[in-house]
Protein chains: 2
Amino acid sequence: MTQKESDPRTAVPMRQRVHDTIRDHIISLDWEPGLRVSEKDVAEQLGVSRSPVREAFIRLSEEGLMEIRPQSGSYVSEISFDKVYESLMLRRALEMAVAAEAAEKRTAFDLVRLNDLVADQVAASEAGDRARFFELDQQFHRALTEIARMPSAVRLIRMIRGAVDRVQRMRISRGESRHVQVIEAHRAIVDAIEARDAAAASAAMDAHLNCVELFAQIIRSPEVREYVTPRAS
Amino acid sequence: MTQKESDPRTAVPMRQRVHDTIRDHIISLDWEPGLRVSEKDVAEQLGVSRSPVREAFIRLSEEGLMEIRPQSGSYVSEISFDKVYESLMLRRALEMAVAAEAAEKRTAFDLVRLNDLVADQVAASEAGDRARFFELDQQFHRALTEIARMPSAVRLIRMIRGAVDRVQRMRISRGESRHVQVIEAHRAIVDAIEARDAAAASAAMDAHLNCVELFAQIIRSPEVREYVTPRAS
DNA sequence: GTTCCTAAATTAGTATGGCAGTTGCACTGT
DNA sequence: ACAGTGCAACTGCCATACTAATTTAGGAAC
């Protein structure tokens, strides 16, 4: 694990860096679901003590990415269809609220920002830059939370995001994409926000994050099926 | 802090008990917003070491009830109107999703359970048992999450609940109540669930947890105004 | 009296040690 | 061959020790 930066203002706690590192391993499926990991081993591997590792484990278990069995062992969580579907629903619900509130609070400046993001997405799509498109998609949703002034919403979304990110990663690496639909959906959301129509913004987000459709796409991926436990809750 | 139980199956981690204890202090305003608390002092006061206290602090800070400033000190979070309003919106969004899903998945058995809960609430209201009514209200919403099979939803709701619970506590101790409206709203939700009408269930929950109205009631309480910082984000 | 600087006290962050519960495996008896 | 049992290694939980950054109090200079 990298040494702490010299500038204390930019210093990020070790437990945070350990958390992010482990999260990457889990999301990228470098650590497969069900894998047993121990505080001690991870601490040694990262060159830190068990305290920050332990705190990272606790946080990851609260995010549903790990499971801690006291006095027994810690494991990478299994992926279940039910959990993925629930996470999709919850994220949609939160993002709908964010979109509605953004429509209420948006300024002229915010509109420019959103339109620029959509334009960049069009450019990234035409350039075939998949990673850039994905990053801009995240920025778009993040921008909405900032416009709506709902910082807690991002915290909550982050809490449930892990479950779907693991399966999403598989699909991205396989090359599936629906850039056109995504861009159209974002345009509809921006239009509703421009009109200050909270209900329309919420509805547009609802359509954008349609659980049933997204879920169907996910479970069709053979890679996903391989990893997901068939019918666990 | 009480000693660990002899039965390991019912043993609850110390950090959990410390967390709950501190949370009670904060919610009940026994520890006022802005109060400085140190890991060391709390550990001595509860008769445990710093480790579980520290882990409880971290979790409480993730719930927005505490604020940890590295190498400096830990404080009970201030209450801000913006945070309370945001929490109300997010909770409504989550509960709407839960209600909609409950309408899809409900069984005949679930209907009996919900109707019984509402009937008990009527009885508690007529008996003037405010605490019991409050408890049944919580049970009602908890039952919905179980019917919808959405365990992550309760985790998320718990994460944001703290902010409103602190101000809610003031209003309850003051004796304000709208039992009739609450019961009517719960009836409407149960009816929609009985009809398996997800949209209606969601709409009924939306009306039940109307942010604007709830927020208006909250900020009218003089006790709340006294504690809440005027215009912080 | 005010300002600035220094040093000591306090804080959370991290490292390490000891403990009790859990697990798995070798051993034993049948 | 197999079921039961006890032991040993391993695990995460909690306690303690140490570190580094921040705050604060006190005194010196003006």
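In what follows, chains carry the letters A, B, and so on, assigned in the order in which the sequence lines appear, proteins first and then strands, with residues in each chain numbered from 1.
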Q | Side chain of A:Pro52 (C-beta onward), nearest among D:dA15, D:dG12, C:dA15 | A | C:dA15

(Q) Can you list everything that forms a side chain to side chain contact (heavy atoms under 4.5 Å, CB included) with B:Phe140? Sequence neighbours excluded, please. (A) B:Leu114, B:Leu117, B:Val118, B:Leu144, B:His186, B:Ile189, B:Val190

Q) D:dA15, C:dA15, D:dG12: which one has an atom nearest the side-chain heavy atoms of B:Ser49? A) D:dA15

Q) Does A:Arg50 make a side-chain donor-acceptor contact with the base of C:dG17, cut-off 3.5 Å? A) yes

(Q) Short of 4.0 Å, heavy atom to strand atom, which residues of residues 31-44 of chain B count as contacting DNA chain C? (A) B:Arg36, B:Val37, B:Ser38, B:Glu39

Q.
Mind checking if A:Arg15 touches a base, just sugar-phosphate, or nothing, with heavy atoms under 4.0 Å?
A. sugar-phosphate

Q) Within the side chain of A:Asp116, is there an N or O that forms a donor-acceptor pair under 3.5 Å with the backbone of A:Arg113? A) no

**Q.** DNA chain D: 5'-proximal contact among A:Gly73 and A:Ser51 (nearest heavy atom)
**A.** A:Gly73

Q: Can you figure out which of C:dT14, D:dG12, D:dA20 approaches the side chain of A:Ile68 most closely?
A: D:dG12

Q. At their closest point, which heavy atom of B:Ala163 faces which heavy atom of B:Val84, and how far apart are they?
A. O-CG2, 4.1 Å

Q | Nearest heavy atoms of A:Arg155 and B:Glu62, plus distance in Å | A | NH2-O, 2.6 Å

(Q) What's the separation between atom CZ in A:Arg91 and atom CE in A:Met205, rounded to the nearest 0.5 Å? (A) 8.0 Å

